[in-house]
Asks: 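Please see the structure below; I have some questions.
The analysis underlying the following values was restricted to heavy atoms, covering all of them including side chains, and did not include hydrogens, waters or symmetry mates. In this text, all values refer to a predicted model and were calculated from it rather than measured experimentally.
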Amino acid sequence: MAAIHDLLKRIEDAELRSRLEEEINKLSKQKQFGLVFEEHQPECTPLYEMPITVGKNVALKSGRIDDVYTVIAINGSKALCVNAVTKGQMETEVDELVVSAQFGEPIYPYLKPIDSVCNAPDSDLWHTLIEADNYHALQLLEYLYAGKVDCIYIDPPYNTGAKDWKYNNDYVDGADSYRHSKWLSMMQKRLKIAKKLLNPRDSVMIITIDEKEYLHLGCLLEELFPEARIQMVSDVINPRGTTRDGQFSRTDEYLYLIQLGENSVFYPRKEEKHYVEWYRLRRTDYESRRGTVKGGTQQFYPIYVDVKTEKIVEIGKPLSIEQDRNDVPQIEGAIAVFPIKNDGTEMNWGVTPDTLKLLIEHNFVRVRKNADDKYQPYLIHYISYKMIDAIAHGKASIEGYNSDGTAIVVEEEGHIIRPGTAWNVSSHNAGTYGSEILAEVIGDKRFTFPKSLYSVADVLRYYLSEKKNSLVVDFFAGSGTTLHAINLLNSEDGGIRKCVMVTNNEVSVAESKELIKKGYKLGDDEWNKLGIARYVTWPRTVCSIKGCNVNGEPLKGNYLGSNRVLSDGFETNAIFFQLGFLDKTSVALGKQFENLLPVLWMKAGAYGECPKLDGSDIPNYLIYPRNRMAVLNNEAVFEEFREEVDKYLEIETIYLVTDYEAGYRTMKNNLDAKYTYQLYRDYLDNFRINQRR
């Protein structure tokens, strides 16, 4: 506002200046409704694999990643740099520098294979773990899977003030007065891209959070997903509670459920025999009072009950709103019962007279004396008329009859479970089924506060039970619980759900201090091997699939609710990549094909084991039936390539390397492929990591 008032002073017309000041002051006093937060300086990320060359933006490995310098000269092992803000110069060792990329600069990614685990050689199902800053990885995933993701599950940092996350490579703690807006800036950038991954016709995003940011996150989601249906669930994850001095102990956390398109919760059934419930015939909700729209005038009528047999002997006609219930005809030996609450409020019955007669014919209505209520001397209950149709179609049956002649109805297919928004499930205990499971798999104290395996599996099951070939993304992967849960779901129903996880390779605060004492820097091998991706997420992935711990010893115990033992592992496969970055010109010249091959494999669906080149020379074309893809590197041999491709019905994705749009169109029209892409133009033109949005 100060800048605006400075500009006002330049207006020579005193009357105009005064009126403008008056209106601006009115605006400044208005309260804004909704989410208001300050956009912070763009995030930066270190690119350790990028070579230090003249013209590159860099930062000191031991300094702030957003304290950016530009390299203006290199002399041997020394680099001369100029600060982007102060313009001051600095000379330092090249090894002390790291390329610093600001969000908004175009960067071209590739996937460097680090490791893999193959526990099902005959399976085409391969999960993926990508070690990267999740913003860069999300933009890669946008190139690969825009509009194709069925489910995103994320457990972002809760911003507790205990240095649980970083902004611009620095930990944000409780003393930072801008920590909430920094957190929102961080989340907004990522959720904008995440939305582009989701299938707009049918998909869901699941986000866990606690009380520190749930209000801010809710407003942000309303802003970013105006077309979605958003719900919040409370889940008890720590029954003993986390102490809050002077407050209630926290026992739960929250799950935001953002549903797009036709997405719907799958309601499971209890397989055991279920006895159908009886409902009170008198409505109880305030909106169902006599004379209201709900129920109209057709559901306020007398039901005559014989005082000796306590059976219904007659059903009277509905009363108009003007009629007094005390004026209805009387039947000797019977009492006219109306739907009256014990405070005298006239309500409506739950069904019309015709429906009630039908229910009585099927023995679906029972009467109980209610001596304590002067307004309604008999309580009347019923079984839903829907059960008549269910019995006719074999979905329910009458098992027998009670002593009063009413039917005992059983649902043959079990009972549909419709969970509410408050979950208190013992298996969601994060200590027992999160920390203890992780400790069994990879050892103690490697990761704090992992999610309960069954908490994640349960919420995924509600959305993916009928989607056995779904694609799931988790870009705050943490200890890797999401992939573990997906493998568990697949083992239960034979599904081939695929999981893509993303996590950085940060070390803890204590570990970073210890490493610095020993002379190590960010990016060093000794530093990297203690990072979360390599020390926790990938070891858990490997061990849970193989059924052993990090020492190769068989895991003990069973998975809850099944006879499956942990030592059986899972018949599936996974590959571990590190996100790297390439030179644009080198890509355009076709010199990075080998590095880009994993990206092409993922874009084609990640079927089968990721292919590798056998030699240094790039062949004219490559056909990978197991991976359902083919690549033409030399358009001069297109006819030969087409003949070879036609031999394999499995091929779904074809990449054509050509600089000419017309040539690409001609070749595409002569191929029978589900997906066709022009290299390297498709990569360079349509994929821009960090392009401004």
Asks: For S479, give me all partners under side chain to side chain donor-acceptor pair (under 3.5 Å), at least two apart in sequence or on another chain.
Replies: T481, R540
Asks: Check step by step if side chain to side chain donor-acceptor pair (under 3.5 Å) holds for S455 and D235.
Replies: CA-CA 8 Å; S455 173; D235 189 16; 3.0 Å; yes
Asks: Can you list the residues that meet the side chain to side chain contact (heavy atoms under 4.5 Å, CB included) rule with P239, with sequence neighbours excluded?
Replies: V236, N429
Asks: Can you name the residues that form a salt bridge (charged side-chain N to carboxylate O under 4.0 Å, His left out) with D133, not counting sequence neighbours?
Replies: R190
Asks: Looking just at side-chain N and O atoms, do D150 and S470 make a donor-acceptor pair shorter than 3.5 Å?
Replies: no
Asks: Answer yes when K518 and E526 have at least one side-chain N-carboxylate O distance shorter than 4.0 Å, and no when they do not.
Replies: no
Asks: Judged by modelled atom types alone, do Y664 and T676 share a side-chain donor-acceptor pair under 3.5 Å?
Replies: no
Asks: Taking only residues two or more places apart in sequence, or in another chain, which ones meet T658 in a side chain to side chain donor-acceptor pair (under 3.5 Å)?
Replies: E635
Asks: Restricting to side chain to side chain contact (heavy atoms under 4.5 Å, CB included), what partner residues turn up for T421, sequence neighbours left out?
Replies: Q231, V233
Asks: How would you list, by chain and number, every residue that makes a ring pair (Phe, Tyr, Trp, His ring centres under 6.0 Å) with Y462, sequence neighbours excluded?
Replies: W423
Asks: Taking salt bridge (charged side-chain N to carboxylate O under 4.0 Å, His left out) as the definition, give me every residue that meets it alongside K591, ordered by chain and number, with sequence neighbours left out.
Replies: none
Asks: Once salt bridge (charged side-chain N to carboxylate O under 4.0 Å, His left out) is applied, do any residues pair with K195, and if so which ones, sequence neighbours excluded?
Replies: E227
Asks: State plainly whether the residues R19 and E23 are in salt-bridge range, i.e. N to O under 4.0 Å.
Replies: no
Asks: Taking the side chain as everything from C-beta on, heavy atoms only, tell me whether Y254 gets closer than 4.5 Å to T208.
Replies: no
Asks: Is V265 close to Y463 at the side-chain level, that is, under 4.5 Å between some pair of heavy atoms?
Replies: yes
Asks: Verify whether one side chain among E213 and H216 offers a donor that lies under 3.5 Å from an acceptor in the other.
Replies: yes
Asks: Does any part of the side chain of Y143, heavy atoms only, come nearer than 4.5 Å to the side chain of Y683, both counted from C-beta?
Replies: yes
Asks: Dump the intermediate steps for side-chain contact (heavy atoms from CB on, under 4.5 Å) on M205 and L191, then the final yes or no.
Replies: CA-CA 10 Å; M205 177 182 283; L191 290 176; 3.8 Å; yes
Asks: State, with a plain yes or no, whether a side-chain heavy atom of N263 is found less than 4.5 Å away from one of K467.
Replies: yes
Asks: Would you say the side chain of I258 lies within less than 4.5 Å of the side chain of V204, judging by non-hydrogen atoms?
Replies: no
Asks: Do L217 and I207 touch side chain to side chain, with heavy atoms closer than 4.5 Å?
Replies: yes
Asks: Which pairs count as salt bridge (charged side-chain N to carboxylate O under 4.0 Å, His left out) when at least one residue sits in residues 246-262, sequence neighbours excluded?
Replies: E211-R250, E253-K451
Asks: For D524, check side chain to side chain contact (heavy atoms under 4.5 Å, CB included) against everything at least two apart and list the hits.
Replies: Y520, K521, W527
Asks: By side chain to side chain contact (heavy atoms under 4.5 Å, CB included), which residues pair with L20, not counting sequence neighbours?
Replies: L8, I11, L16
Asks: Taking side chain to side chain donor-acceptor pair (under 3.5 Å) as the definition, give me every residue that meets it alongside D583, ordered by chain and number, with sequence neighbours left out.
Replies: none
Asks: Tell me whether K603 forms a cation-pi arrangement with Y677, defined as NZ or CZ under 6.0 Å from the six-membered ring centre and within 45 degrees of its axis.
Replies: yes
Asks: Say whether T251 and N238, considering side chains only, have a donor N or O and an acceptor N or O under 3.5 Å apart.
Replies: no
